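Scroll down for the structure; my scribbles are underneath it.
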Amino acid sequence: MVKVNIIRSRRKTISLEITDHLEVLVRAPYQVSDTYIQNFVKEKSDWITAHLEKMQKRQDQKDAADKISMEEIESLADRALKEIPARTAFFAKKIGVTYGKITIRNQRTRWGSCSIQGNLNFNCLLMLTPPEVRDYVIVHELCHRKEMNHSPRFWAEVEKVLPDYRAQKQW
């Protein structure tokens, strides 16, 4: 079992948190017994394990991305500038939308974004992903031209173009 840090305060409920440093925190009211907290943690052990693994993978990916040289990033950006606009034009026709300019960036937290004006931003690190994942990100951003949210209507638009989008989204 992993080490669990307990933080007691004047709160009314008990909660679990996994920090960016992969620490497990239990936040609990002063009056909750240690036995109750231990049982709570046991009950949530599957959730804790799953989320620790998920966050460890994220950390590993981030560490790998941090090791890419500026030269490699520039090379990925050049490739992205050649491939992404062509795929975007292809899918825009299929979806029936227009878009503004396409910008390629090296971003830490996003694969892509779509502005209200219709400008699209894509992460050059997409070039390290499988082609179907790149297509999913492009379709996702283009579908924001129809729905600027993540409502069921938005996901229905994505599904029209990529019926198996969930596998790519999971990646």
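Because the structure is predicted, anything quoted here is derived from the model rather than measured.
No more than 12 heavy-atom neighbours from other residues, nucleotides or ligands sit within 6.0 angstrom of OH on Tyr36. Within a 6.0 Å radius of CD in Glu71, no more than 12 heavy atoms belonging to other residues, nucleotides or ligands are found. Environment of CG in Asp20: sparse, with no more than 12 heavy atoms of neighbouring residues, nucleotides or ligands closer than 6.0 Å.
Here Arg11 pairs with Ser9, Thr13, Ser15, Arg27, Pro29 under the side-chain contact (heavy atoms from CB on, under 4.5 Å) rule; sequence neighbours left out. Residues satisfying the ring-ring contact (aromatic ring centres under 6.0 Å, His included) test with Tyr165, not counting sequence neighbours, are Trp155. In this structure Lys44 satisfies the salt bridge (Lys or Arg N to Asp or Glu O under 4.0 Å) test with no other residue, sequence neighbours excluded. Remark: Phe154 pairs with His140, His144, His150 by the ring-ring contact (aromatic ring centres under 6.0 Å, His included) rule, at least two apart or across chains. For the side-chain contact (heavy atoms from CB on, under 4.5 Å) test, no residue two or more places apart in sequence or in another chain qualifies with Ser75. The side-chain contact (heavy atoms from CB on, under 4.5 Å) test applied to Pro130 returns Glu132, Val133, Trp171, not counting sequence neighbours. Here Glu72 pairs with Ile68, Ser69 under the side-chain contact (heavy atoms from CB on, under 4.5 Å) rule; sequence neighbours left out. Under the rule for a salt bridge (Lys or Arg N to Asp or Glu O under 4.0 Å), the partners of Glu147 that lie at least two apart in sequence or sit in another chain are Arg153. The salt bridge (Lys or Arg N to Asp or Glu O under 4.0 Å) check on Glu159 picks up Arg166, with sequence neighbours excluded.
To the nearest 0.5 angstrom, Leu120 atom CG is 10.0 Å from Ile84 atom CD1. Between Arg134 atom CZ and Leu128 atom CG the span is 9.0 Å, to the nearest 0.5 Å. How far CD1 of Ile73 is from CE of Met127: 14.5 Å, rounded to the nearest 0.5 Å. From Trp47, atom CH2 reaches atom CG of Leu52 across 8.0 Å, with rounding to the nearest 0.5 Å. To the nearest 0.5 Å, atoms CD (Glu17) and NE2 (His51) are separated by 12.5 Å. In this structure, CD in Gln56 is found 11.5 Å from CD1 in Ile18, a value given to the nearest 0.5 Å.
Looking at Ile7 and Val26, their side chains never come closer than 4.5 Å, going by heavy atoms from C-beta outward. The closest side-chain heavy-atom distance from Phe91 to Val97 is not below 4.5 Å. The shortest distance between side-chain heavy atoms of Asn5 and Val24 does not fall below 4.5 Å.
In the hydrophobic clustering of this structure, Leu16 does not group with Tyr30; members are Ile, Leu, Val, Met, Phe, Trp, Tyr whose side-chain heavy atoms approach within less than 4.5 Å, directly or through other members. Phe40 and Leu25 are members of different hydrophobic clusters when ILVMFWY side chains are connected at heavy-atom separations under 4.5 Å.
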Only pairs under 3.5 Å count here: list side-chain donor-acceptor contacts from residues 100-107, not counting sequence neighbours, and write none if there are none.
unit_1 : atom_1 : unit_2 : atom_2 : d
Arg105 : NH1    : Asn121 : OD1    : 2.8

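Salt bridge status for Arg8 with Asp34: present, with a side-chain N to carboxylate O gap under 4.0 Å.
Scanning all heavy atoms of the two residues, the minimum distance from Pro85 to Ala80 falls at CD-O, 3.3 Å. Taking both residues in full, the closest heavy atoms of Ala28 and Ile37 are given as CB-CD1, 3.9 Å, listed atom of the first, atom of the second, then distance.
Applying the side-chain hydrogen bond (donor to acceptor under 3.5 Å, both in side chains) test to residues at least two apart or on different chains, the pairs with a partner in residues 79-100 are Arg87-Asp135.
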task: Let me see the working for Trp111 and Leu125 under side-chain contact (heavy atoms from CB on, under 4.5 Å), right down to the final yes or no.
output: CA-CA 8 Å; Trp111 290 114; Leu125 298 179; 4.0 Å; yes
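Apart from Ile116 itself, the hydrophobic cluster it occupies contains Met148, where clustering links Ile, Leu, Val, Met, Phe, Trp and Tyr at side-chain heavy-atom distances under 4.5 Å.
Distance alone, capped at 3.5 Å, is enough to place a donor-acceptor pair between the Lys146 side chain and the Ile95 backbone.
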